[in-house]
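Letters go in sequence order (proteins before strands), and every chain restarts at 1.
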2 protein chains.
Amino acid sequence: MGLSKKDEFTAKQNTLAGYAKALAHPARVAIVEYLSTSQACMCGDIVDVLPLSQSTVSQHLRELKSAGLVKGEIEGTSVCYCLNESGWNEMQSMLGEFLTTMKKCC
Amino acid sequence: MGLSKKDEFTAKQNTLAGYAKALAHPARVAIVEYLSTSQACMCGDIVDVLPLSQSTVSQHLRELKSAGLVKGEIEGTSVCYCLNESGWNEMQSMLGEFLTTMKKCC
DNA sequence: AACATTTATCGTAATATTACGATAAAGAAA
DNA sequence: TTTCTTTATCGTAATATTACGATAAATGTT
């Protein structure tokens with residue numbers, strides 16, 4: 001490669017790219033969908049519905065968490081994963097601004 | 001790794017992830033922003049405004065094109081790159097549906 | 001205390017991405 | 001035709017991602 005070059009771009013560009021990256025894998029889209037539809041928010045059974053191992057799911061969850069789109073609270077021996085509303089709000093507003101101010105020239 | 005597992009997910013999940021992946025790098029966000037603000041749509045000077053080499057920019061443009069978010073028309077010796085409205089519309093509607101039907105449980 | 005359950009992390013391998021320079025391809029200009 | 005300009009592609013190297021099994025850590029159960 002040759003070094004990341006991320007600091008050559010604006011903070012906004014990096015933040016938006018970060019949110020996009022969080023959703024840039026079908027497994028993470030599926031996890032978010034599952035957390036959205038399963039009311040209970042009680043988790044671990046994410047592993048059951050996805051065709052991935054426990055460690056891989058855990059890895060994807062960590063990425064979603066570090067992107068601020070998911071939060072997890074320890075509940076006894078298990079962890080309750082939920083969508084993090086404020087993260088989604090920020091993403092939505094950034095993306096909304098990005099999309100609405102966009103002009104297609106041709 | 002161990003094989004891609006992409007076909008274990010739905011087409012919708014893969015499509016959405018694909019759009020997200022297209023924006024999952026600050027350089028591509030910057031390219032889209034540039035194409036949006038520069039009215040002319042005459043390109044190649046993307047290389048001038050970005051801190052990347054010509055070949056790297058070309059590579060990013062190809063990804064945006066293959067994601068359907070950008071189109072390029074040959075114009076003599078240069079290429080006119082523009083945002084592909086229909087691609088953005090599809091992305092916007094998919095993402096809109098995804099975001100609006102999403103329920104945060106906690 | 002001993003054991004079971006749940007989740008995170010480590011180690012590791014396969015693959016994908018990112019980046020560059022060099023070069024090819026194609027049209028414009030001389 | 002030769003040369004210049006513009007863009008795409010090839011080759012290659014560095015790094016990141018994705019995935020798994022194994023194991024650790026923490027809490028609950030017996």
Side-chain angles (χ1 to χ4, degrees), chain A residues 1-9 13-14 17-31 34-35 38 40-67 70-82, chain B residues 1-9 13-14 17-31 34-35 38 40-67 70-82:
Chain A
M1 231 218 278
L3 298 170
S4 171
K5 295 255 172 165
K6 281 197 172 164
D7 27 292
E8 308 256 17
F9 299 96
Q13 286 163 345
N14 276 293
Y19 281 131
K21 187 180 252 178
L23 291 182
H25 193 288
R28 291 195 288 273
V29 173
I31 288 175
Y34 179 79
L35 287 178
S38 91
C41 132
M42 251 312 289
C43 307
D45 25 33
I46 301 174
V47 177
D48 296 336
V49 296
L50 290 191
L52 298 171
S53 76
Q54 183 269 322
S55 57
T56 303
V57 171
S58 187
Q59 218 170 242
H60 282 305
L61 280 167
R62 183 171 45 183
E63 278 176 74
L64 285 167
K65 249 196 301 186
S66 81
V70 156
K71 57 185 171 179
E73 269 187 42
I74 297 168
E75 195 136 307
T77 177
S78 67
V79 175
C80 169
Y81 276 109
C82 311
Chain B
M1 231 215 279
L3 299 169
S4 171
K5 295 257 171 165
K6 279 195 175 165
D7 28 292
E8 308 257 19
F9 299 96
Q13 286 164 346
N14 276 293
Y19 281 132
K21 188 181 251 179
L23 291 182
H25 194 288
R28 292 195 287 273
V29 172
I31 288 174
Y34 180 78
L35 287 178
S38 91
C41 133
M42 251 311 290
C43 306
D45 26 32
I46 301 176
V47 177
D48 296 336
V49 295
L50 290 190
L52 298 170
S53 76
Q54 183 269 322
S55 58
T56 302
V57 170
S58 187
Q59 219 170 239
H60 282 303
L61 280 167
R62 183 171 46 182
E63 278 177 74
L64 285 166
K65 249 197 300 186
S66 81
V70 155
K71 58 185 170 180
E73 268 185 44
I74 297 168
E75 195 137 306
T77 178
S78 66
V79 175
C80 169
Y81 276 109
C82 311

- [ ] Please work out whether the ring planes of His60(A) and His25(A) are parallel, tilted or perpendicular, with thresholds of 30° and 60°.
- [x]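 Rings of His60(A) and His25(A): tilted, as their planes differ by 30° to 60°.
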
Between [atom2] on [N] and [atom1] on [X], what's the gap in Å once rounded to a whole number?
X        : N       : atom1 : atom2 : result
Leu64(A) : dT18(D) : CG    : C1'   : 14 Å
Glu73(B) : dT7(D)  : CD    : P     : 14 Å
His25(B) : dT17(C) : NE2   : P     : 12 Å
Lys65(A) : dT9(C)  : NZ    : C1'   : 12 Å
Lys5(B)  : dT17(D) : NZ    : P     : 20 Å
Leu50(B) : dT18(C) : CG    : P     : 14 Å
Glu75(B) : dT6(D)  : CD    : C1'   : 13 Å
Ile31(A) : dT18(D) : CD1   : C1'   : 12 Å

Working to the nearest 0.5 Å, report the span between [atom1] of [X] and [atom2] of [Y].
X        : Y        : atom1 : atom2 : value
Leu61(B) : Gln54(B) : CG    : CD    : 9.5 Å
Ile46(A) : Leu52(A) : CD1   : CG    : 11.0 Å
Lys71(B) : Cys80(B) : NZ    : SG    : 9.0 Å
Tyr81(B) : Leu35(B) : OH    : CG    : 9.5 Å

Below the 4.0 Å mark, does [N] have OP1 or OP2 next to a side-chain nitrogen or oxygen of [X]?
X        : N       : answer
Lys21(A) : dA16(D) : no
Tyr81(B) : dT6(D)  : no
Arg62(A) : dT7(C)  : no

Task: Contact nearer the 5' end of DNA chain C, comparing Val47(A) with Glu63(B) - done: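 By nearest-heavy-atom nucleotide position, the 5'-most residue is Val47(A).
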
Open item on the list: So Lys6(B), base contact, sugar-phosphate only, or nothing? Heavy-atom distance under 4.0 Å.
Closed with: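 Contact class for Lys6(B): none.
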
- [ ] Tell me what Leu52(A) touches on the nucleic acid: a base, only sugar-phosphate, or nothing, going by heavy atoms under 4.0 Å.
- [x] sugar-phosphate

Open item on the list: Taking side-chain contact (heavy atoms from CB on, under 4.5 Å) as the criterion, tell me which of Leu50(B), Val29(B), Asp45(B) meets it with Tyr34(B).
Closed with: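 Of the listed residues Leu50(B), Val29(B), Asp45(B), the side-chain contact (heavy atoms from CB on, under 4.5 Å) partner of Tyr34(B) is Asp45(B).
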
- [ ] Heavy atoms only: give me the nearest Asn14(B)-Lys6(B) pair and the separation to one decimal.
- [x] ND2-O, 2.9 Å

TODO: Return the minimal non-hydrogen interatomic distance between Tyr19(A) and Ala67(A), and the atom names on each side.
DONE: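 Reported closest heavy-atom pair: CE2-O, 3.4 Å.
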
Under-3.5 Å N/O pairs linking protein and nucleotides 3-5 of chain C:
from, atom 1, to, atom 2, distance (Å)
dT5(C), O2, Thr77(A), OG1, 3.3

Open item on the list: Here's a test of your reading of the structure: between Ala27(A) and Ile74(A), which maps to the more 5' nucleotide of DNA chain D?
Closed with: Ala27(A)

Task: Side-chain donor or acceptor of Arg28(A) paired with backbone N/O of Glu63(A) under 3.5 Å - done: no

Task: Closest to the Val79(B) side chain, choosing from dA8(C), dA8(D), dA19(C) - done: dA8(D)

Task: Residues in contact with DNA chain C, drawn from residues 53-61 of chain B - heavy-atom cutoff 4.0 Å - done: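 Only Ser53(B), Ser55(B), Thr56(B), Gln59(B), His60(B) qualify.
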
Task: Listed partners of Ser53(A) passing side chain to side chain donor-acceptor pair (under 3.5 Å), at least two apart - done: Ser55(A), Thr56(A)

